[in-house]
Amino acid sequence: MARNSEKAMAMLNRFTAAKKAEGRPAAERRPFLATECDDLSKAERWRHQIIREVAKKVSQIQNAGLGEYRIRDLNDEINKLLREKRHWEDRIIELGGPNYHKVGPKMLDHEGKEVPGNKGYKYFGAARDLPGVRELFEQEPARAARRTRGQLNRLVDADYYGYRDDDDGILAPLESDAERKKITRTVKDQRLAKAEAGEEDAEEDIYAVTEDPEEDDFDGRVKVDDEETFVAHVPVPSQKDMEELLVKKKKMELLEKYASSALMAQSTEARALLGFS
């Protein structure tokens, strides 16, 4: 039980507080809407009051031992107060006051962290480590940037097409050894196949040239139905002769198409008089 002196002090404190409150006006409550306030000094006072409440709750939410539900409630209250603070700052601008959006301190705003893709709602203190919230802040690994066609073309050189594969001195001996083994195995398989078929192992010379004595005695005569005839060697017209012939034929076609028979007769007669064929 409390001692009498302690009781007396408690009663004295209450009496003193009551005496002081007699001459003091009743405490004024902050308006629910910022638009209800028309006094600039009061608007700034309510803004400072909200900042103090936010700072107090931010310090409380740092304690992870409060429990999940209490931490979530505190985080919701902080976000609600921050929205209310922005409303009062807008109202201060309307009343002709300073623009706190630009010149005001941003410590409380920077204390919270927004979820990527969810702008506006912030998580403070221990709320960032709540179940379901921690996963939201885990960033996915950045995807490797795709190379452009120009970057890929810069990587294409002689090595890409295998032009310098033999320069190292390793591939050529391996290829020759593998080729030699392949030829030996193929020849062996062919000989075994011939032996099983009972054929003689005689290799035919594919490069041998056989001479035909009849080809050397050709004198230009050709036999057709047991009769000897001579090959007529006619001169082949040149390219210029062919062009002149085509031009002459084209002229005749145009004359036949557009000139009358009388005009053609006169032209023929004139050419004959002049000595042109």
Q.
Minimum heavy-atom separation for Leu130 and Ile71, please, with both atom names.
A. CD1-CG2, 4.0 Å

Q | Distance-minimising heavy-atom pair for Leu40 and Gly97 | A | CD1-CA, 3.8 Å

(Q) Looking at Arg45, I want to see if its CZ is surrounded by more than 12 non-hydrogen atoms of other residues, nucleotides or ligands under 6.0 Å. (A) yes

Q) Heavy atoms, side chains only, cut-off 4.5 Å: are Glu68 and Arg72 in contact? A) yes

Q.
Just verifying a value: how many Å separate Leu192 CG and Lys188 NZ, rounded to the nearest 0.5 Å?
A. 6.5 Å

Q.
Taking side chain to side chain contact (heavy atoms under 4.5 Å, CB included) as the definition, give me every residue that meets it alongside Val156, ordered by chain and number, with sequence neighbours left out.
A. Tyr160, Tyr161

Q | Check against side-chain contact (heavy atoms from CB on, under 4.5 Å), His87 and Leu33 | A | CA-CA 8 Å; His87 294 162; Leu33 296 176; over 6 Å; no

**Q.** Non-hydrogen atoms of Ala43 and Leu95 that approach each other most closely
**A.** CB-CD1, 4.3 Å

Q) Mind checking whether Lys194 and Arg191 have side chains closer than 4.5 Å, heavy atoms only? A) no

**Q.** Heavy-atom side-chain contact between Pro31 and Lys42 under 4.5 Å
**A.** no

Q.
Within this structure, what is the CD1-CG distance for the pair Ile51 and Leu82, rounded to the nearest 0.5 Å?
A. 9.5 Å

Q. CG of Leu81 to CZ of Arg86: how many Å apart, nearest 0.5 Å?
A. 11.0 Å

Q) How close do Ile61 and Phe124 get, heavy atom to heavy atom, and via which atoms? A) CD1-O, 3.6 Å

Q. Charged N to carboxylate O under 4.0 angstrom, Glu44 versus Arg47?
A. no

Q) Heavy-atom distance under 4.5 Å between the side chains of Lys240 and Leu245, does that happen here? A) no

Q: Considering only NZ, NE, NH1 and NH2 on the basic side and carboxylate oxygens on the acidic side, decide whether Asp177 and Arg180 come within less than 4.0 Å.
A: yes

Q | Option among Ile78, Asp129, Asn75 that satisfies the side chain to side chain contact (heavy atoms under 4.5 Å, CB included) test with Tyr123 | A | Asn75

Q. Are the charged groups of Glu89 and Lys85 less than 4.0 angstrom apart, N to O?
A. yes

Q: Decide yes or no for Trp46 and Ile92: does some side-chain heavy atom of the first lie under 4.5 Å from some side-chain heavy atom of the second?
A: no

(Q) Among residues at least two apart in sequence or on other chains, which ones pass side chain to side chain contact (heavy atoms under 4.5 Å, CB included) with Glu253? (A) Lys249, Lys250

Q. Looking only at atom types and distance, does a side-chain atom of Gln151 sit under 3.5 Å from a main-chain N or O of Thr148, one as donor and one as acceptor?
A. yes

(Q) Let's go through Glu94 and Arg91 carefully: what are the C-alpha distance in whole Å and the side-chain angles of both, what is the deciding distance for salt bridge (charged side-chain N to carboxylate O under 4.0 Å, His left out) to 0.1 Å, and is it a yes or a no? (A) CA-CA 5 Å; Glu94 293 174 358; Arg91 184 58 178 169; 2.9 Å; yes

**Q.** Rounded distance (nearest 0.5 Å) linking atom CG of Asn63 with atom CG of Leu74
**A.** 10.0 Å

Q. Is a side-chain donor-acceptor pair under 3.5 Å present for Asp241 with Ser238?
A. yes

(Q) Quick check: closest heavy atoms across Phe32 and Glu36, and the distance to 0.1 Å? (A) N-OE1, 4.0 Å

Q: Output yes when Lys57 and Glu53 qualify as a salt bridge under the 4.0 Å nitrogen-oxygen rule, no when they do not.
A: no

Q) Which heavy atom in Arg70 sits nearest to a heavy atom in Leu66, and how many Å separate them? A) CB-O, 3.5 Å

Q) Quick one: are Ile93 and Trp88 in side-chain contact, heavy atoms under 4.5 Å? A) no

Q: Please assess Asp76 against Tyr121 for the test side chain to side chain donor-acceptor pair (under 3.5 Å), listing each intermediate value before the final yes or no.
A: CA-CA 9 Å; Asp76 292 339; Tyr121 193 87; 2.3 Å; yes

Q.
If I take atom CZ from residue Arg146 and atom CG from residue Leu152, how far apart are they, to the nearest 0.5 angstrom?
A. 9.5 Å

